[in-house]
Amino acid sequence: MKAINGGVAPMNELIRKALSLGVGITVASKEKIESVVDELVKKGEVAPAESGELIASLIAKGEEGQSEMKRLAREQLQKLLAELHVATRSDIERLEQRIAKLEGTPEAPETAPPPL
(Lines give C-alpha, C1' and ligand atoms only; values in the text may rest on other atoms or scores of the structure.)
Protein backbone atom coordinates (compact mmCIF):
# COMPACT_ATOMS: atom_id res chain seq x y z
CA MET A 1 0.00 0.00 0.00
CA LYS A 2 1.24 3.50 -0.67
CA ALA A 3 0.72 6.80 1.12
CA ILE A 4 -0.24 9.85 -0.85
CA ASN A 5 2.36 12.62 -0.54
CA GLY A 6 1.47 14.80 2.39
CA GLY A 7 -1.51 12.59 3.18
CA VAL A 8 -0.41 11.27 6.56
CA ALA A 9 0.14 14.55 8.44
CA PRO A 10 -3.10 16.20 7.26
CA MET A 11 -5.01 12.99 8.07
CA ASN A 12 -3.55 12.95 11.61
CA GLU A 13 -4.51 16.60 12.03
CA LEU A 14 -8.04 15.87 10.81
CA ILE A 15 -8.38 12.98 13.25
CA ARG A 16 -7.03 15.12 16.12
CA LYS A 17 -9.50 17.91 15.33
CA ALA A 18 -12.41 15.45 15.12
CA LEU A 19 -11.54 13.97 18.52
CA SER A 20 -11.17 17.45 20.04
CA LEU A 21 -14.55 18.40 18.63
CA GLY A 22 -16.09 15.26 20.13
CA VAL A 23 -14.68 16.07 23.57
CA GLY A 24 -15.85 19.68 23.26
CA ILE A 25 -19.35 18.60 22.27
CA THR A 26 -19.49 16.20 25.22
CA VAL A 27 -18.56 18.92 27.71
CA ALA A 28 -20.91 21.44 26.12
CA SER A 29 -23.74 18.91 25.99
CA LYS A 30 -23.35 18.01 29.67
CA GLU A 31 -23.43 21.69 30.63
CA LYS A 32 -26.46 22.29 28.40
CA ILE A 33 -28.31 19.29 29.87
CA GLU A 34 -27.63 20.49 33.41
CA SER A 35 -28.79 24.00 32.48
CA VAL A 36 -32.03 22.75 30.88
CA VAL A 37 -32.83 20.46 33.82
CA ASP A 38 -32.13 23.32 36.27
CA GLU A 39 -34.63 25.45 34.33
CA LEU A 40 -37.20 22.64 34.51
CA VAL A 41 -36.68 22.44 38.28
CA LYS A 42 -37.13 26.23 38.60
CA LYS A 43 -40.37 26.02 36.60
CA GLY A 44 -41.57 23.19 38.81
CA GLU A 45 -41.78 20.73 35.93
CA VAL A 46 -39.20 18.42 37.52
CA ALA A 47 -38.82 17.72 41.23
CA PRO A 48 -35.40 18.68 42.65
CA ALA A 49 -34.97 15.10 43.90
CA GLU A 50 -35.47 13.78 40.35
CA SER A 51 -33.13 16.26 38.65
CA GLY A 52 -29.93 14.30 39.31
CA GLU A 53 -31.43 11.10 37.93
CA LEU A 54 -32.79 12.93 34.88
CA ILE A 55 -29.40 14.55 34.20
CA ALA A 56 -27.63 11.19 34.53
CA SER A 57 -30.16 9.55 32.21
CA LEU A 58 -29.87 12.25 29.56
CA ILE A 59 -26.07 12.23 29.73
CA ALA A 60 -26.04 8.43 29.39
CA LYS A 61 -28.25 8.64 26.30
CA GLY A 62 -25.96 11.33 24.87
CA GLU A 63 -22.89 9.17 25.50
CA GLU A 64 -24.57 6.22 23.78
CA GLY A 65 -25.30 8.40 20.78
CA GLN A 66 -21.75 9.72 20.79
CA SER A 67 -20.35 6.18 20.94
CA GLU A 68 -22.44 5.25 17.93
CA MET A 69 -21.25 8.35 16.07
CA LYS A 70 -17.62 7.47 16.88
CA ARG A 71 -18.17 3.92 15.60
CA LEU A 72 -19.68 5.20 12.37
CA ALA A 73 -16.91 7.79 11.94
CA ARG A 74 -14.26 5.11 12.55
CA GLU A 75 -15.87 2.84 9.93
CA GLN A 76 -15.99 5.65 7.38
CA LEU A 77 -12.39 6.63 8.11
CA GLN A 78 -11.23 3.03 7.65
CA LYS A 79 -13.06 2.86 4.31
CA LEU A 80 -11.50 6.16 3.21
CA LEU A 81 -8.00 5.05 4.20
CA ALA A 82 -8.48 1.78 2.31
CA GLU A 83 -9.67 3.67 -0.79
CA LEU A 84 -6.63 5.96 -0.59
CA HIS A 85 -4.36 2.92 -0.21
CA VAL A 86 -2.79 4.25 2.98
CA ALA A 87 -0.55 1.70 4.67
CA THR A 88 -1.87 0.37 7.96
CA ARG A 89 0.24 -0.26 11.05
CA SER A 90 0.12 -4.00 10.33
CA ASP A 91 1.27 -3.38 6.73
CA ILE A 92 4.26 -1.40 8.00
CA GLU A 93 5.10 -3.97 10.68
CA ARG A 94 4.94 -6.77 8.11
CA LEU A 95 7.30 -4.87 5.80
CA GLU A 96 9.68 -4.06 8.68
CA GLN A 97 9.84 -7.77 9.55
CA ARG A 98 10.49 -8.67 5.92
CA ILE A 99 13.28 -6.08 5.66
CA ALA A 100 14.86 -7.29 8.89
CA LYS A 101 14.75 -10.86 7.61
CA LEU A 102 16.26 -9.87 4.28
CA GLU A 103 18.99 -7.81 5.94
CA GLY A 104 19.81 -10.70 8.26
CA THR A 105 20.49 -13.16 5.45
CA PRO A 106 23.85 -13.14 3.64
CA GLU A 107 23.80 -11.67 0.20
CA ALA A 108 23.75 -14.18 -2.64
CA PRO A 109 26.94 -14.21 -4.72
CA GLU A 110 26.57 -12.33 -7.99
CA THR A 111 28.12 -15.17 -9.96
CA ALA A 112 27.32 -18.68 -8.89
CA PRO A 113 30.11 -21.26 -9.06
CA PRO A 114 29.73 -23.68 -11.96
CA PRO A 115 27.94 -26.94 -11.09
CA LEU A 116 30.20 -29.93 -10.46
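All residue numbers refer to positions in the sequence shown, counting from 1.
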Exercise for review: Examine distances only and state if a side-chain atom of S67 and a backbone atom of E63 form a donor-acceptor pair shorter than 3.5 Å.
Suggested key: yes
Heavy atoms of V41 and A47 approach each other most closely as CG2-O, 4.4 Å
Between the CD atom in E45 and the CD atom in E50, the distance rounded to the nearest 0.5 Å is 12.5 Å
Quiz item: Side chain of S57, backbone of L54: donor and acceptor closer than 3.5 Å?
Solution: no
Margin query: Hydrophobic clusters here meaning ILVMFWY residues chained together by side-chain heavy-atom distances under 4.5 Å, can you tell me if I33 and V36 are in one?
Written below: yes
With sequence neighbours left out, the residues meeting salt bridge (charged side-chain N to carboxylate O under 4.0 Å, His left out) with R71 are E68, E75
Distance col, row L77:CG vs L72:CG, nearest 0.5 angstrom, shows 12.5 Å
When rounded to the nearest 0.5 Å, the distance separating CD1 of I99 from NZ of K101 is 13.5 Å
Value for CG (L58) from CD (E34), rounded to nearest 0.5 Å, stands at 10.5 Å
By side chain to side chain contact (heavy atoms under 4.5 Å, CB included), Q78 pairs with (sequence neighbours left out) R74
Residues at least two apart in sequence or cross-chain that pass side-chain hydrogen bond (donor to acceptor under 3.5 Å, both in side chains) with S90, listed by chain then number, are T88
Of all heavy-atom pairs linking I92 and A87, the shortest is CG1-CB, 4.1 Å
